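Since the structure is predicted, the reported quantities are computational estimates derived from the model, not experimental observations.
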Amino acid sequence: MKLYSKIPLFSNSNNLIDYNSKTLLIGSCFSENIGSKLDYFKFQNVQNPFGILFHPKAIEALICNAIEGKRYTENDIFKHNEQWHCFNAHSKLSDTSKRDLLEVLNAQVEVTQKQIQESSHIIITLGTSWVYRFLESNQIVANCHKVPQKQFKKELLTIEEIYQSLDKIVSLIASVNKAVVVIFTVSPVRHLKDGFVENTQSKSHLISAIHQFLHQKSSITNLNSFYFPSYEIMMDELRDYRFYAEDMIHPNQTAINYIWEKFLEVWVHNDAKKVMSEVDHIQKAMGHKPFNPNSEAHKKFLQNLEQKKNNLSKWLPNISF
């Protein structure tokens with residue numbers, strides 16, 4: 001008896017993620033869930049250099065500014081609620097010091113530029129089609145930073161606008177890195193502040209635009225582009241509120257782990273999975289709390305642990321504990 005729908009999964013079997021891969025993750029907070037898994041297992045990855053970015057226009061601006069080597073100046077930042085902010089970045093980059101914020105922004109531009117050029121895989125997670133346009137400059141912002149809502153106009157990006165944004169993102173990436181694999185996904189996080197119907201409309205625009213782009217444009221840019229159905233897995237395979245956090249909006253840890261396992265199936269090389277098992281063993285051992293830290297048994301345990309860490313680091317120098 002079949003009790004649930006299983007989402008078919010596809011990938012590029014010729015270019016999977018391993019411990020030599022360099023991965024850049026950009027987008028909605030779900031990209032950080034996957035990024036934290038890659039961090040735990042000691043893969044080479046950079047996630048959200050400008051913080052969480054929810055919509056395609058924000059990601060497009062980041063990619064464009066990074067490739068063009070933009071230098072942020074005082075004209076690009078503003079002060080609100082005793083902190084300096086940038087409309088292109090998440091509030092986690094905001095700072096009480098104007099100079100420090102500019103230094104961080106420009107450093108992160110360099111990090112993003114380098115990572116785009118060197119990455120083997122770029123994972124882009126789109127969260128919403130809803131955007132806010134700052135009326136004073138007529139620019140779509142990545143984050144409103146709690147500036148009064150009356151200073152913005154809320155808009156829903158059309159499928160065509162999202163398509164054009166994805167086209168520009170991939171074209172820009174291809175201009176500096178033709179070997180990279182781009183993996184698109186839609187965040188399973190529900191943006192219910194926009195409304196239930198509005199959230200569904202927003203997600204449908206993202207999904208339609210991505211598939212339209214993959215069907216029509218990937219062969220033209222000669223860049224390998226794919227779709228990973230994290231949203232569909234959440235909606236169909238995990239169709240139950242027990243897979244949501246207490247806010248009933250974000251996937252809980254069980255759901256995150258499940259979708260991560262599905263990602264592993266199709267996008268991580270089998271040889272890497274063997275290393276992951278060893279890394280997992282070391283990570284858990286490092287978190288072990290002994291009953292008697294001064295016992296001979298614990299000292300021997302620590303010596304064996306250090307030996308395992310050193311052996312793995314000699315084999316794969318990129319891994320550091």
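Between Phe41 and Trp260, the ring-plane angle classifies as parallel under the 30° and 60° cut-offs.
The existence of a salt bridge linking Glu198 and Lys193 is excluded, since no basic side-chain nitrogen approaches an acidic carboxylate oxygen closer than 4.0 Å.
With sequence neighbours excluded, the residues that form a side chain to side chain contact (heavy atoms under 4.5 Å, CB included) with Gln253 are Lys37, Ile256, Asn257. For the ring-ring contact (aromatic ring centres under 6.0 Å, His included) test, residues two or more places apart in sequence or in another chain that qualify with Phe301 are His288, His298.
Under a hydrophobic-cluster definition in which Ile, Leu, Val, Met, Phe, Trp and Tyr are linked whenever side-chain heavy atoms come within less than 4.5 Å, directly or via other members, Phe213 and Ile162 are assigned to the same cluster. Under the 4.5 Å side-chain heavy-atom criterion for grouping Ile, Leu, Val, Met, Phe, Trp and Tyr, Ile63 is connected to Val170 within one hydrophobic cluster. Following chains of ILVMFWY side-chain contacts shorter than 4.5 Å, one can reach Val176 starting from Ile123, so the two form part of one hydrophobic cluster. Cluster annotation: Phe196 and Val189 are assigned to the same hydrophobic cluster (Ile/Leu/Val/Met/Phe/Trp/Tyr, side-chain heavy-atom contacts under 4.5 Å, transitive).
For residues 303-315, the side-chain hydrogen bond (donor to acceptor under 3.5 Å, both in side chains) pairs, not counting sequence neighbours, are His281-Lys308, Glu306-Lys309, Gln307-Asn311.
Between Lys114 and the options Gln117, Glu118, Glu110, a side-chain hydrogen bond (donor to acceptor under 3.5 Å, both in side chains) holds for only Glu118. A side-chain contact (heavy atoms from CB on, under 4.5 Å) with Thr128 is found for exactly one of Ser202, Pro56, Ser187, namely Ser202. Each of Glu82, Glu74, Glu103 was checked for a salt bridge (charged side-chain N to carboxylate O under 4.0 Å, His left out) with Lys98, and the lone residue meeting it is Glu74.
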Query raised in the report: What's the verdict on ring pair (Phe, Tyr, Trp, His ring centres under 6.0 Å) for Phe184 and Phe226, showing C-alpha distance, side-chain angles and the deciding distance?
Result: CA-CA 6 Å; Phe184 289 104; Phe226 299 89; over 10 Å; no
**Report entry** Audit row: Asp280, Ser277, side-chain hydrogen bond (donor to acceptor under 3.5 Å, both in side chains) steps and yes/no
**Finding:** CA-CA 5 Å; Asp280 185 42; Ser277 179; over 6 Å; no
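Taking the six-membered ring for Trp and the full ring otherwise, Tyr231 and Phe30 have centroids separated by 6.0 Å or more.
His90 places no side-chain N or O within 3.5 Å of a backbone atom of Leu53 that could act as its donor or acceptor partner. A side-chain donor-acceptor contact under 3.5 Å links Gln113 to the backbone of Ala66. A distance-only check finds a donor-acceptor pair linking the side chain of Asn177 to the backbone of Ile116 [under 3.5 Å]. Side chain of Thr158 to backbone of Glu161: a donor-acceptor contact under 3.5 angstrom is found. Formation of a donor-acceptor pair under 3.5 Å by the Gln108 side chain with backbone atoms of Phe50 is not found in this model. Looking at Asn48, its side chain does come within 3.5 Å of a backbone N or O of Gly27 through a donor-acceptor pair.
Neither side chain, Tyr19 nor Asp271, offers a donor N or O lying under 3.5 Å from an acceptor on the other. Using modelled atom types and a 3.5 Å distance limit, the side chains of Asp194 and His191 yield no donor-acceptor pair. A donor atom on one side chain and an acceptor atom on the other are not found under 3.5 Å apart for His121 and Thr23.
Nearest heavy-atom pair across Phe78 and His80 is CE1-CB, 3.8 Å. In terms of heavy atoms, Lys299 sits closest to Asn294 at CE-O, 3.6 Å. The minimum heavy-atom distance linking Thr96 with Trp84 is given by the pair O-CD1, 3.5 Å. Across all their heavy atoms, Leu101 and Cys86 have their closest contact at CD2-N, 4.3 Å.
Rounded to the nearest 0.5 angstrom, Thr73 OG1 and Leu105 CG are separated by 10.5 Å.
Shown here is Lys154, whose NZ atom has more than 12 heavy atoms of other residues, nucleotides or ligands within 6.0 Å. Within a 6.0 Å radius of NZ in Lys153, other residues, nucleotides and ligands contribute 12 heavy atoms or fewer.
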